Amino acid sequence: MLLFDDSKKLEKAVGPEAAEVIAKLFEAQDAAMRKDLATKADLELKLAETKADLIKWVAGMLVAQSAIIAALVKLLAK
């Protein structure tokens, strides 16, 4: 997005028609770049998904570790 002062300087440098075309190109580029930006909601959703995955892995490892310890205790108790 061009500021008022910038657009006036651009008009002076290249003329009003070329300045309008350049300004539209900048606006289109700005819109294209903004659509790819992550919003706060996007980041929170990704964080929640990551947290859920982490909890699943930790719970799975806890069960696996408990099974290994139980097997070792049974093996060594003989």
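If you're wondering where the values come from, they're calculated on a predicted model, not measured in any experiment.
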Drop me the distance from [X]'s [atom1] to [Y]'s [atom2], to the nearest 0.5 angstrom.
X   : Y   : atom1 : atom2 : result
I68 : L75 : CD1   : CG    : 13.0 Å
E49 : L54 : CD    : CG    : 13.5 Å
L47 : K40 : CG    : NZ    : 12.0 Å

Considering all heavy atoms of both residues, which atom of V14 and which atom of A19 are nearest to each other, and what is their separation?
CG2-N, 3.7 Å
Does atom CD of E17 have more than 12 heavy-atom neighbours, drawn from other residues, nucleotides or ligands, at distances under 6.0 Å?
no
We want to know whether T39 and D42 form a side-chain donor-acceptor pair, criterion being a heavy-atom distance below 3.5 angstrom.
yes
